[in-house]
Amino acid sequence: MSYNITNPMAKGSNRVENGVLLTPPPRNVGNKEHYQRMNYLYQLAMWNTMSGNDGGEQALARLYAKNMDLVSKRTRAEMLPQLKRTICKKCHRVLVPKKTMRVQTDSGSLQLVCSCGAVRNFPIHLNGGYRCYAERDENLISM
Amino acid sequence: MSLKNLDKQYAQRRQTYRAVLDNPFTNEGSLWPHVKDQQQVWELIQTILLARCRALADAEVPAPEWPLGITTSFNEIVTLLQHENDDNDQSNRSPLLLLVCNKDHGVSSVVLQQIPLLAYMSPRKVTLVQLPRGALATIQTQLKSDCTEGLLLAWGDELQSLVNQITAKIDQPQLPWLDQVKFEPTALKLLKTTAPLKKPVEKAGKK
């Protein structure tokens, strides 16, 4: 029986707050290589998009971004929403205003229109200051 | 003590941490240009720009007849920022002053994420200014408009001196990944979540 875990008064136990046992953050993260690979692929995709070496179709940049997405899914290495918003779900272009996408608001939604025609809607009229769980500073710890 | 409070004393869930990859390029420090003397810049904007807008609005002068251009509409701002420079058009040479209430509650983070990129990618010279907390309410009062997106774009030759004064107190925006990419180390973060302590009870009949 793990009395140390459930009993907040036990010696050497962690603190309990609102029914949640608080534990210290880990010092290291497993499978860091996957994150490093995704980071490198994203930067390659961005560089290829901005340099314009591969024409208007951005074939190489899209390939890198798609690889990044695949690595993320296969290895369950997650990305923050701020990062995912910069990649088109349909054609995997890196979304840069004026270069590969158009930004507009329409009936209370922010629309990111990719060059491929895919539209992503973000409702902003109901609760403008809304930030999702992963976007709130108190829930994120830098390593 | 209520049963609910008693329950909270005993752990039902434990805190866990999930590794997540952050955008290597968009750290808050470099996205928004640093304002050296925030108070003075805000006072300048209030006295030179907003007070004048208030006077024009009180006099019920129609917006198109104002000597300086003002817009709070996101779509108009995007159109003006992305408008190509035409040397023959006199109005296109006037400086653009983009004020952003990025510290106020009620301004969408998705909209704010786009603004520095839009300003940087604009072919025109844009002075991007982040305003202090509480600026949104002041702008709404002075302009007598809702200004929901927390953005205000002003342009016109009369703003040249104001823009010069503000530019001297603001660092140049630096988005190096849009000009020449330099490898950035992995921005790994930990996301705090919780997981149940007890294993879920298996239903009878299931093996």
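Order of the sequence lines sets the chain letters (A, B, ...), proteins ahead of strands, with each chain counted from 1.
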With a sphere of 6.0 Å drawn around [atom1] of [X], does it hold more than 12 non-hydrogen atoms of other residues, nucleotides or ligands?
| X | atom1 | result |
| --- | --- | --- |
| Lys98(A) | NZ | yes |
| Arg133(B) | CZ | no |
| Arg54(B) | CZ | yes |
| Lys36(B) | NZ | yes |

On a heavy-atom basis, which atom in [X] and which in [Y] lie closest, and how many Å separate them?
| X | Y | answer |
| --- | --- | --- |
| Lys192(B) | Tyr133(A) | O-OH, 2.6 Å |
| Ile141(A) | Tyr17(B) | CD1-CE2, 3.5 Å |
| Pro185(B) | Asn39(A) | C-ND2, 3.6 Å |
| Ile124(A) | Glu149(B) | CD1-OE2, 4.4 Å |
| Gln15(B) | Val20(A) | N-CG1, 3.9 Å |
| Leu191(B) | Ala134(A) | CD1-CA, 3.7 Å |

Item to complete: Sort out for me which of Val103(A), Leu83(A), Leu22(A) touches chain B most, counting heavy-atom pairs under 4.5 Å.
Response: Leu83(A)

Worksheet, complete the sentence: Residue from Asn31(A), Thr105(A), Thr23(A), Leu44(A) scoring the most non-hydrogen pairs under 4.5 Å with chain B is Thr105(A)

Does [X] reach the side chain of [Y], with side-chain heavy atoms less than 4.5 Å apart?
| X | Y | value |
| --- | --- | --- |
| Phe122(A) | Ser108(B) | no |
| Ser109(B) | Gln82(A) | no |
| Leu110(A) | Phe74(B) | yes |
| Val29(A) | Leu190(B) | yes |
| Gln113(B) | Thr86(A) | yes |

Item to complete: Select one option (side chain, backbone, both, neither) describing which atoms of Ser73(B) are under 4.5 Å from chain A's heavy atoms.
Response: neither

Item to complete: With a 4.5 angstrom heavy-atom cut-off, could you sort out which part of Val110(B) is near chain A: side chain, backbone, both or neither?
Response: both

Could you state the interatomic distance from [atom1] ([X]) to [atom2] ([Y]), rounded to the nearest 0.5 Å?
| X | Y | atom1 | atom2 | value |
| --- | --- | --- | --- | --- |
| Leu21(A) | Thr194(B) | CG | OG1 | 11.0 Å |
| Asn75(B) | Gln104(A) | CG | CD | 6.0 Å |
| Lys99(A) | Leu117(B) | NZ | CG | 13.5 Å |
| Gln36(A) | Leu188(B) | CD | CG | 8.5 Å |
| His105(B) | Arg131(A) | NE2 | CZ | 8.5 Å |
| Asn23(B) | Lys84(A) | CG | NZ | 13.0 Å |

Chain B contact via [X] - which portion, at a heavy-atom distance below 4.5 Å:
| X | result |
| --- | --- |
| Glu138(A) | backbone |
| Pro24(A) | backbone |
| Leu140(A) | both |
| Lys32(A) | side chain |

